[in-house]
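For clarity, every value in this text was computed on a predicted model and none was experimentally measured.
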Amino acid sequence: QVQVVESGGGLVQAGGSLRLSCTASGLTFDSHAVGWFRQAPGKEREAVSCISWTGPTYYAGSLQGRFIISRDLANHAVHLQMNTLKPEDTATYYCARAFDERCSDSWSQPNHYDYWGQGTQVTISS
């Protein structure tokens with residue numbers, strides 16, 4: 001079964017931290033960029049971050065400095081460390097595999113990705 005699976009979501013207080021993880025089965029993240037998106041109720045899905053296979057990372061401007069994306073090569077996983085969380089970070093967070101190894105200028109576009117996870121809920125209380 002081909003799937004992308006997110007984990008690590010939960011309920012935390014404002015100012016806290018969470019680390020999301022993304023793994024794949026039936027497909028590989030090797031030689032592919034991987035991105036994170038989020039969608040809050042009533043809002044459109046927005047790009048959060050992307051990591052290229054060779055290492056370069058990209059962030060939504062408003063999130064840089066609080067979120068850190070990283071790749072765990074040994075475990076074929078991608079993580080999103082989220083710090084100093086705010087109530088407006090509340091959303092369902094999705095992980096997606098890019099068609100190729102680069103995030104490129106289109107990293108924030110959903111059609112840059114071919115496989116998506118089902119999402120993990122992140123709720124930040126004030």
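- Two residues are said to be in side-chain contact when any heavy atoms from C-beta on lie closer than 4.5 Å; W107 and Y59 fail this criterion.
- By the 30° and 60° cut-offs, the orientation of the rings of F67 relative to Y93 is tilted.
- With hydrogens and angles ignored, the 3.5 Å screen pairs no side-chain donor or acceptor of S25 with any backbone N or O of V2.
- With values rounded to the nearest 0.5 angstrom, I68 atom CD1 is found 9.5 Å from T57 atom OG1.
- Atoms OG1 and CH2, from T120 and W36 in turn, are 7.5 Å apart once rounded to the nearest 0.5 Å.
- Every residue two or more places apart in sequence or in another chain that forms a salt bridge (charged side-chain N to carboxylate O under 4.0 Å, His left out) with D114 is listed here: R97.
- Judged purely by distance below 3.5 Å, without hydrogens or angles, the side chains of T54 and S52 never pair a donor atom with an acceptor atom.
- Judged purely by atom type and a 3.5 angstrom limit, E6 uses its side chain to pair as donor or acceptor with the backbone of G119.
- Separating the CG atom in L85 from the OG1 atom in T90 is a distance of 8.5 Å, to the nearest 0.5 Å.
- E88 is linked by a side-chain contact (heavy atoms from CB on, under 4.5 Å) to K86, counting only residues two or more places apart in sequence or in another chain.
- Inter-residue side-chain proximity for L63 and S49 is flagged as unmet; no heavy-atom pair is nearer than 4.5 Å.
- Contact check for F29 versus V4: side-chain heavy atoms found under the 4.5 Å cut-off.
- Side-chain contact between V78 and L80 is absent, with no heavy atoms from C-beta onward closer than 4.5 Å.
- Looking at H112, its side chain does come within 3.5 Å of a backbone N or O of R102 through a donor-acceptor pair.
- When the side chains of ILVMFWY residues are joined at heavy-atom separations under 4.5 Å, either directly or via intervening members, M82 and V34 end up in a single hydrophobic cluster.
- Aromatic ring orientation, W116 versus Y94: perpendicular (interplanar angle above 60°, classes split at 30° and 60°).
- Atoms NE2 and SG, from H79 and C95 in turn, are 10.5 Å apart once rounded to the nearest 0.5 Å.
- Interatomic distance, CD1 of I124 versus CG of L11, reported as 7.5 Å (0.5 Å rounding).
- Within 6.0 Å of the CD atom in Q3, the count of heavy atoms belonging to other residues, nucleotides or ligands exceeds 12.
- I69 contributes atom CD1, which lies 12.0 Å from atom CD of Q81 (distance to the nearest 0.5 angstrom).
- Residues S104 and F99 form no side-chain contact, since every pair of their non-hydrogen atoms from C-beta on lies 4.5 Å or further apart.
- Under the 4.5 Å side-chain heavy-atom criterion for Ile, Leu, Val, Met, Phe, Trp and Tyr, V12 and V122 are members of the same hydrophobic cluster.
- R66 pairs by the salt bridge (charged side-chain N to carboxylate O under 4.0 Å, His left out) definition with D89, not counting sequence neighbours.
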